[in-house]
Visitor: 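Below is one structure. I have some questions about it.
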Amino acid sequence: MDGKNLIEKGKATIEETKTILKATPLVDIYENEREILLQVEIPGVSRENINVHIDNGILKLSAFRTIERKGVPEWDEIKDVEYHRSFSVPPTIDTEKVSADLVDGVLALSLPKSEVARPKTIEINAK
């Protein structure tokens, strides 16, 4: 098909065909003595479009991926996506030290445990 036929056939603008999907990202959760680790799959999302918020024991994650479109679509399967996910955060987490890294479409969240919550070995004194 040539460009003229595509435009005449579609008779739509880019804005008219734009659809935003709502999705729940896939998550892996790991725990060790020092922290809880979350790995969140959010492909194609830039750092500027991610929001992580902890309030009242709830971690809320939202992210948005948008695809740049050039012209009128003839075949349109890849959509803009809005991701949302929430988790309960145990009171043993030091929320002031939570950190996040985004690498290759995976957001890694580190939720360090407070010193009080970490396991301790008790030394035994002999008399």
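Quick caveat: nothing in here was measured; it's all calculated off a predicted structure. Start at 1 with the first residue, then count along the sequence.
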Visitor: So for atom CD, which belongs to E48, do other residues, nucleotides or ligands contribute more than 12 heavy atoms lying within a distance under 6.0 Å?
Guide: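 Yes, the 6.0 Å shell around CD holds more than 12 heavy atoms from other groups.
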
Visitor: To the nearest 0.5 Å, what is the distance between CD1 (I78) and OG1 (T19)?
Guide: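 Between atom CD1 of I78 and atom OG1 of T19 there are 13.0 Å.
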
Visitor: P25 and A23: which non-hydrogen atoms are nearest, and at how many Å?
Guide: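 Here P25 and A23 meet closest at CD-O, 3.8 Å.
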
Visitor: Starting from the C-alpha separation in whole Å, work towards a yes-or-no answer on side-chain contact (heavy atoms from CB on, under 4.5 Å) for V89 and V98.
Guide: CA-CA 11 Å; V89 176; V98 172; over 6 Å; no

Visitor: Using side-chain contact (heavy atoms from CB on, under 4.5 Å), reason through I36 and I93 one step at a time and then give a plain yes or no.
Guide: CA-CA 8 Å; I36 296 174; I93 296 300; 3.9 Å; yes

Visitor: Supply the atom-to-atom distance L61 CG to F87 CZ, rounded to the nearest 0.5 angstrom.
Guide: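 With rounding to 0.5 Å, CG (L61) is 7.0 Å from CZ (F87).
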
Visitor: When rounded to the nearest 0.5 angstrom, what is the spacing between CG in D94 and CG in L111?
Guide: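 With rounding to 0.5 Å, CG (D94) is 10.0 Å from CG (L111).
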
Visitor: Using a 4.5 Å cut-off on heavy atoms from C-beta on, say whether the side chain of V106 contacts that of D101.
Guide: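 No - every pair of side-chain heavy atoms lies 4.5 Å or more apart.
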
Visitor: Closest heavy-atom contact between I58 and S88?
Guide: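 Result for this residue pair: CD1-OG, 4.1 Å.
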
Visitor: Can you tell me how far CG of L107 sits from CG of L109, rounded to the nearest 0.5 angstrom?
Guide: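 Answer rounded to 0.5 Å: 4.5 Å.
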
Visitor: Look at the side-chain heavy atoms of Ile, Leu, Val, Met, Phe, Trp and Tyr, link any pair under 4.5 Å apart, and say whether I54 and L102 land in one connected group.
Guide: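 Looking at the clustering, L102 is in the same group as I54.
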
Visitor: Indicate yes or no for a side-chain donor-acceptor contact from R65 to the backbone of N49 under 3.5 Å, with no hydrogens or angles considered.
Guide: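 Absent.
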
Visitor: Can you tell me how far apart CD1 (I67) and NZ (K70) are? Round to the nearest 0.5 Å.
Guide: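 The NZ atom of K70 is 12.0 Å from CD1 of I67, to the nearest 0.5 Å.
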
Visitor: Walk me through it: do K60 and V52 pass the test side-chain contact (heavy atoms from CB on, under 4.5 Å)?
Guide: CA-CA 6 Å; K60 293 182 181 181; V52 179; over 6 Å; no

Visitor: Taking the basic N atoms (NZ, or NE/NH1/NH2) and the acidic carboxylate oxygens, is any pair closer than 4.0 Å for K113 and E35?
Guide: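 No, no charged N to carboxylate O under 4.0 Å.
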
Visitor: Rounded to the nearest 0.5 Å, how far apart are CG of L59 and OG1 of T95?
Guide: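 OG1 of T95 is found 10.5 Å from CG of L59.
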
Visitor: Between K22 and D80, is there a side-chain N and carboxylate O pair less than 4.0 Å apart?
Guide: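 No, this pair does not count.
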
Visitor: Is there a side-chain contact between L21 and E82 in this structure, where contact means two heavy atoms from C-beta onward sitting under 4.5 Å apart?
Guide: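 In short, these two side chains do not touch, never coming nearer than 4.5 Å.
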
Visitor: For residues V40 and Y83, determine if any side-chain heavy atom of one lies less than 4.5 Å from a side-chain heavy atom of the other.
Guide: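 No. Closest side-chain heavy atoms not under 4.5 Å.
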
Visitor: Where do V45 and F64 come nearest, in terms of heavy atoms and distance?
Guide: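 Heavy atoms of V45 and F64 come nearest at CG1-O, 3.7 Å.
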
Visitor: Evaluate the criterion side-chain contact (heavy atoms from CB on, under 4.5 Å) for residue pair D76 and R69; output intermediate values, then yes/no.
Guide: CA-CA 10 Å; D76 187 23; R69 290 160 175 82; 4.3 Å; yes

